[in-house]
Every structure is written in C-alpha cells, then in structure tokens.
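One structure is given here, and the rest of the page talks about it.
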Amino acid sequence: MVELEVDNLKVHFFTSTGTVRAVDGVSFSLKGKSLGIAGESGSGKTTLGLALMNLIPSPGRIVSGSISLDGNNILQFNEEKYRTEVRWRQISMIFQGAMNALNPVYTIGHQLMEPLKFHSELVGEKARKKAEDALREVGLDASMMQRYPHELSGGMKQRVVIAMALILRPKIVIADEPTTALDVIVQAQVINLLKRLERELGISIIMITHDLSVISELVDIVGIMYAGELVEIGPAEQIYNNPKHPYTQKLLNAVPRLHGKRTKLESIPGIPPDLKSPPPGCRFHPRCPYVMGICKVSTPPYFTFTDQKATCWLYKEKA
Ligand code: SF4
C-alpha cells in the first residue's frame, strides 16, 4: 500500500506580466485511499496533478515543498530517475481530454505499447499481448489495436487512455477530469470502470474535477482547492454532509443532490482571484458571505475537526 505525502508544495509560473502562484502551499497525505480534488477552473487542480508527475510546463516550476512516495522525496530525483522509476511506473496520469491525449497518426496498439518500450523490458509479441490484455481490462476488444483514434467514440478513447495509464501497474493514478466532454451515460460507465479497476488492482486514484458530484461515490477523501490553496480536506462523507469551509458549502449548493431536502441551486458570486496578485488574508474573502475583519488581513491556518480540516477564521474558537 503506497504512502504519498505532499508537504507545502508550491508551483509558480514566471510570466512576463508577473508570477502566477498556481499551487501555493498544498499539503496532504494519502495511504491506500482514493482522493478527489475539486474546485473551480483555475484553482490549481491540474497543476497539482502535473506536479505529482513532475511535468510542470515552462515557464512554471516547483519552487518549494516535497512529494514523498513511501518516504522518498521524489522531487530530489533527477529527470532520468523520475522517468525510469516514478512516472508511469509508480504514478501515472489520465490526462484531460482523451481526444487530445492520443496521437491521431498512430494506431491504438502502437500508442499502448509505447510506455512498455520506454519503461519496461517488454518488447515484440510479449508487449503486444500485454497491450491486448490492457484493452480487455477496460472492456475493449483486442481488435482495437489496429484502429486509429478517429475510428473510436469518445468513451472508447477514454478507455484507451485509462488502459495506457494502468499498463505498468502504477500504485497511484491521477485522473484529470476523466469524464469531461462525455455524455452522462458514458460518464457513468467511465466512473464505474475506474471504481472496478481501483478495487481489483488495489490502486489509489487521485481524481481531479470541477464537478463535486462526479467524485461523490468514487473517492474516500475529498480536498477542495481555491486559488491555489487546499482550503478543506476530509473524508468524503463528512465533506458532503458537513462541509466546514464557506467555499465548499457554496460549491455543494451549486450541484444537484439526490438525497435530502430539495433546495434551489446557487451560483457563487464573483470570480476567482488573479493568482498573480491574490487577495491578502483569506483568498476567498471578496466572495465570502461571512467575511470578517481578520479575513482581509490574516491568512487562516487549518482548524481541525477530528479528521476533517478547513482554513477558515469562523472556526478559530470552535475547532
Ligand atoms: Fe470567509 Fe473569513 Fe472563512 Fe475566508 S476566513 S472563508 S473570508 S469567513
């Protein structure tokens, strides 16, 4: 059972118009559980996923913090060690938009065998057989090996991308918006597939999404990101039934609920801040209905409630 520990991770992008603090001091740990990271677009979710893969594109870089896998700080590995020992082997990623993740000029078989060629000893017939098995595992026929991406539906392409992410049996799979652009039926199929693979293969899934309802049944722990910070984290059931941070409460009020009282859906007023110059104090304060004087000047620390924690001054006395 792999143990992932992320401590005070900061990823900044150095642009000609200023420094974008995309991920700003994120910490969490995960052992044998699945994690859902939710938040609005631009909150830093995808950047966090790319940081775990050590794939931050220029002009960005990880400026501080650590990512430990079973006690080893993998950020200290050089690119060669990361590529051969960590990326795809221990942590893999289902990238956003399966349509763009596949190369249109290569067959599915060629693309599935590529990680085997670079990261394992398997070649030739053995690699082909492994790729066929990977396709079957995600519910596709081995005849897909000869097909090109344009011959597949969106759901089939998403399954191929999932097969690629799993082919080297990583311990952690990051799924970045794996159901975006799919219709609701296919969305449900993909979620059920991920659930089954998680159970059968014993992998930990880190699911990144803007839609809290997508992760409600898939993950054990939910983290909420706002403006580059992890503002709340805790067991999924507690986050859904008893959210502490006002931003989490607003996010939940913006998605329909199957259970409980029927309530009117809300939108969150205002827009997320510019991460080149985020507001001082609590970054959510310009949009928060409970804002107080302290919120505008002082960054709230985590206040802990058993195994759930939230960065909000409302809990200074109660926590
Ligand atoms: Fe709202 Fe203040 Fe809590 Fe921020 S710290 S979420 S502004 S109450």
Side-chain angles (χ1 to χ4, degrees), residues 6-12 18-29 35-48 64-65 208-213 215-216 219 221-257 260-261 263-319:
V6 175
D7 186 38
N8 199 22
L9 187 69
K10 294 188 181 186
V11 183
H12 294 176
T19 301
V20 179
R21 296 191 246 162
V23 172
D24 218 14
V26 167
S27 303
F28 65 88
S29 58
L35 168 72
I37 300 277
E40 286 167 288
S41 296
S43 58
K45 312 178 298 290
T46 295
T47 305
L48 175 61
S64 63
I208 293 170
T209 181
H210 64 277
D211 183 354
L212 263 173
S213 61
I215 50 174
S216 61
V219 300
I221 297 169
V222 171
I224 306 293
M225 281 195 77
Y226 183 77
E229 298 176 334
L230 193 65
V231 294
E232 180 161 9
I233 188 164
E237 211 182 313
Q238 275 169 240
I239 298 285
Y240 281 92
N241 295 330
N242 192 11
K244 299 291 184 194
H245 198 282
Y247 178 62
T248 313
Q249 293 164 3
K250 289 270 173 205
L251 265 189
L252 281 166
N253 289 343
V255 293
R257 301 259 205 149
K261 267 199 328 202
T263 50
K264 207 171 162 205
L265 290 186
E266 283 179 23
S267 60
I268 306 175
I271 54 167
D274 178 358
L275 293 180
K276 283 184 206 134
S277 53
C282 170
R283 292 184 180 179
F284 188 56
H285 87 249
R287 304 171 78 188
C288 180
Y290 309 111
V291 60
M292 303 171 284
I294 189 174
C295 309
K296 298 178 186 172
V297 290
S298 186
T299 305
Y302 278 116
F303 293 103
T304 305
F305 316 82
T306 325
D307 38 10
Q308 180 179 5
K309 54 185 188 174
T311 56
C312 175
W313 285 120
L314 285 175
Y315 303 103
K316 189 172 177 231
E317 308 299 331
K318 296 179 201 155

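Both ligands and their constituent atoms are indexed starting at 1 by order of listing. Because the structure is predicted, anything quoted here is derived from the model rather than measured.
For ligand 1, the atoms sitting less than 4.0 Å from at least one non-hydrogen atom of H245 are 6 (S), numbered in the order shown with element in parentheses. Atoms of ligand 1 lying under 4.0 Å from any heavy atom of P246, numbered from 1 in the order shown and given with element: 6 (S). The atoms of ligand 1 that sit less than 4.0 Å from any heavy atom of L314 are 8 (S). Annotation for ligand 1: atoms under 4.0 Å from non-hydrogen atoms of H285 are 7 (S). With ligand atoms numbered from 1 in the order given, ligand 1 contributes 2 (Fe), 5 (S), 7 (S), 8 (S) to contacts under 4.0 Å with heavy atoms of C295.
C312 is listed as a side-chain neighbour of P246, based on a closest heavy-atom distance under 4.5 Å. Within the 4.5 Å cutoff, no side-chain heavy atoms of Q308 are placed close to those of T306. Counting heavy atoms from C-beta on, the side chains of L35 and V219 never come closer than 4.5 Å.
Of the residues listed (F305, Y302, F303, Y290), the one engaging Y315 in a ring-ring contact (aromatic ring centres under 6.0 Å, His included) is F305, and it is the only one. The only member of R283, E232, R287, E40 that meets side-chain hydrogen bond (donor to acceptor under 3.5 Å, both in side chains) when paired with Y226 is R287.
Nearest non-hydrogen protein atom to atom 3 (Fe) of ligand 1 is C312 SG, 2.3 Å. When hydrogens are left out, the protein atom nearest atom 5 (S) of ligand 1 is W313 N, 3.2 Å; that is the closest non-hydrogen contact. The closest protein non-hydrogen atom to atom 1 (Fe) of ligand 1 is C288 SG, 2.3 Å.
Around NZ of K296, the count of heavy atoms belonging to other residues, nucleotides or ligands within 6.0 Å does not exceed 12.
Using a 30° and 60° split on the angle between ring planes, F284 and H245 fall in the tilted class, from 30° to 60°.
Coordination check, C282 versus atom 1 (Fe) of ligand 1: failed, since every N/O/S atom of the residue sits at 2.8 Å or beyond.
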